[in-house]
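One structure below.
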Number of protein chains: 2
Amino acid sequence: MVKITDVARRAGVSPSTVSYALSGKRPISDATRRRVQAAVRELGYRAGGGGRGAAGRRSQVLALAVPMRSGVHVPVVTQFAVSVVAAARAHDHDVLLLTQGEGEEGIGRVADTGLADAVIVMDVQLQDTRLPLLRSGSLPSVLIGVPAEPDGLTCVDLDFRAAGELCVDHLARLGHRVVALVGSPPEVYVRRTAFARRLVEGFTSAADRHRLTSAVYPCGTGRDAARAIAERLVRELPALTGVVVHNEPLIDPLIEAFGHLGLRIPGDLSLTAVCPASVAASARVPVTSVAVPSAELGTRAVHLLVRKLAGAAVPQSTLLPPRLTERASTAPRGA
Amino acid sequence: MVKITDVARRAGVSPSTVSYALSGKRPISDATRRRVQAAVRELGYRAGGGGRGAAGRRSQVLALAVPMRSGVHVPVVTQFAVSVVAAARAHDHDVLLLTQGEGEEGIGRVADTGLADAVIVMDVQLQDTRLPLLRSGSLPSVLIGVPAEPDGLTCVDLDFRAAGELCVDHLARLGHRVVALVGSPPEVYVRRTAFARRLVEGFTSAADRHRLTSAVYPCGTGRDAARAIAERLVRELPALTGVVVHNEPLIDPLIEAFGHLGLRIPGDLSLTAVCPASVAASARVPVTSVAVPSAELGTRAVHLLVRKLAGAAVPQSTLLPPRLTERASTAPRGA
DNA sequence: GAACGCCGTCGAAGCGCTTCGACGGGTGAA
DNA sequence: TTCACCCGTCGAAGCGCTTCGACGGCGTTC
């Protein structure tokens, strides 16, 4: 490992001069700066590691807490993580990966040891056990997802409530009068995962506003679950013509299951989903959808965190407005 | 952040005594140790962070380099990453996430700055640009995947060659005489990704050994690609009765495509896959498969790395033997 | 032409931790 | 009873880096 004293010797200056030349925190003559930079290049020096941390400086590391709970869609989470890493790198930070029970213990550890400068927290529940820790302020944080009480926190998310409303608005505008929400697996609601609950709220309130008949069905994943829920929908809501799906891996099997029941999409049934655009576009019937912009959320989260670290004030909640993209799965009722 | 001097004051001893009491590197009286431990508990002290690194000690961080190239199956990679984090935590380490172009730059950065003590490298190509860096020994490493020249490296992987053979052996034993391999997307082979190439080798050599007619078809993902490849197989290999699939997201669409062509599985066609057990089991026809044990690979990789860090000698290559699980997709020819 | 001030650089201190050498007191051996 | 030794503890030094205060030399200014 090349150290700052090596560079200093090579450039014929003192270590402190090297430090200043690189950080720009004090004026350094052009000539000297150039010599320092040359030495850095020749030796392949990179600051950081040990001394930096010891000197009370930042570690330039962001922690990313991803619980990886059951029922969450892996590709969405992964995409998010990847975009966080990319954004962090663009701000000269690295990313430390925290998972599982780590969710809580990990945040504490990071806060206590100063391993990371800040943390991004994913998969937030309405009442999240990690909130007290985060609110204590010992570690700057940004949450993906908005808990019930966001005071004193920084949150960013898709506006899932508006997303739910948007889907229903779209269906209502097409003349559908009976709509159902096929949601995430039951455990997700039991955990009170924020985004899932908010989507239900939006769905329900928009349906009420439009005076539609509506119902909500949490649902597991897989072909069997899809078949079961499809049959149940047909049985319990014979007049059903509009469906909103909030369950990525279920979209395709569900379309298939409706097909087996003789229901054509969008002829008999209009389908709307809240999911990543790629999933919606590659379904067996391309699905009209509200995109979940995981990549953008990741980027935003990092930006917010970096600004917080710089001491800037940031908004408490950033809710991205949902955007609906029409595809082949929706049509006017009776068309 | 509570520091070691806080603990020392609280316990009425010197900082060095605290350090020794916690590390056990020198004998400390029972009474003192107990007082130190009490102080640690009361104050919530955790060593690490700044000073540790500065004092030339290890950072207790492992880097994980996941290129996230196109054509790799995201859930497999993610599962792997999760198991690495869990295993690392069990050894009191944290995990730093490196992605993308980071693959190369990131490893260099980690090596130069001492950000992490070691690195686990995924998605290894036969000729990987990262190898020289790793062989230089500046940073202990373990590769997931075995490059063409594994000398001087530590590698762990499923024995994909044997996996390919095992699938063919199984089909041959069932009496199939014409077999095809539906592989990963073309770009994976172009990149010379080690595991994909090895599987092809195994497939081909076993087919030759059994004197079977065989062919290899790289294939993209999605329903359209599945349909196209199915039609092509039927056209080019009319006598085909055995198929090996090495392409997770294609398995289900492929089964469906064969169905559309009037080919029943396993009646007309026997299907074998190399994929995670969960994928094989939840396909629309449960598929006889050789499991890709991502979780175990992650755990193994961490174990190896930890032993390397401890100065122990570790084997150059660890190849996990493939295990084939019979499910509903294979049957004797003409049964 | 002398005093002032500023620019560019350096030395030293200090961050939190580990580790080496030393030291004091108790114990066992002679 | 004395000496030697060892056990348990401490102080100091040092890891690589940043930062503060200081200092020397130059250009200004009256």
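Reminder, nothing fancy here: chain letters follow the sequence lines and each chain counts from 1.
- Put simply, CG on A/L22 is 10 Å from P on D/dC17, counting in whole angstrom units.
- One atom, CZ of A/R58, and another, P of D/dT18, lie 14 Å apart when rounded to the nearest Å.
- With respect to B/L143, the side chain to side chain contact (heavy atoms under 4.5 Å, CB included) criterion is satisfied by exactly one of B/D157, B/L304, B/L131, B/D123: B/L131.
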Report summary line: With B for base contact, S for sugar-phosphate-only contact and - for none (protein heavy atoms under 4.0 Å), nucleotides 6-15 of chain C reads --SBBB--BB

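- In this entry the distance linking CD of A/Q60 with P of D/dT18 reads 10 Å, nearest Å.
- Residue A/K25 places no side-chain N or O under 4.0 Å from the OP1 or OP2 atom of D/dT18.
- The aromatic rings of A/F195 and A/F160 sit tilted, their planes meeting at an angle between 30° and 60°.
- Using a 4.0 Å cut-off between charged side-chain N and carboxylate O, B/E296 and B/R300 make a salt bridge.
- Residues B/E105 and A/R46 are paired through a salt bridge, judged by an N-O separation under 4.0 Å between the basic side chain and the carboxylate.
- A close approach under 4.0 Å does occur between a side-chain nitrogen or oxygen of A/R57 and OP1 or OP2 of D/dT19.
- For B/D112 and D/dG16, the CG to C1' distance is 15 Å, given to the nearest whole Å.
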Just list the side-chain donor-acceptor pairs under 3.5 Å for residues 24-32 of chain B, sequence neighbours left out, or say none.
residue	atom	partner	partner atom	Å
B/S29	OG	B/T32	N	3.3
B/S29	OG	B/T32	OG1	2.8
B/D30	OD2	B/R34	NH2	2.9

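- There is a side-chain donor-acceptor pair under 3.5 Å between A/T17 and A/S14.
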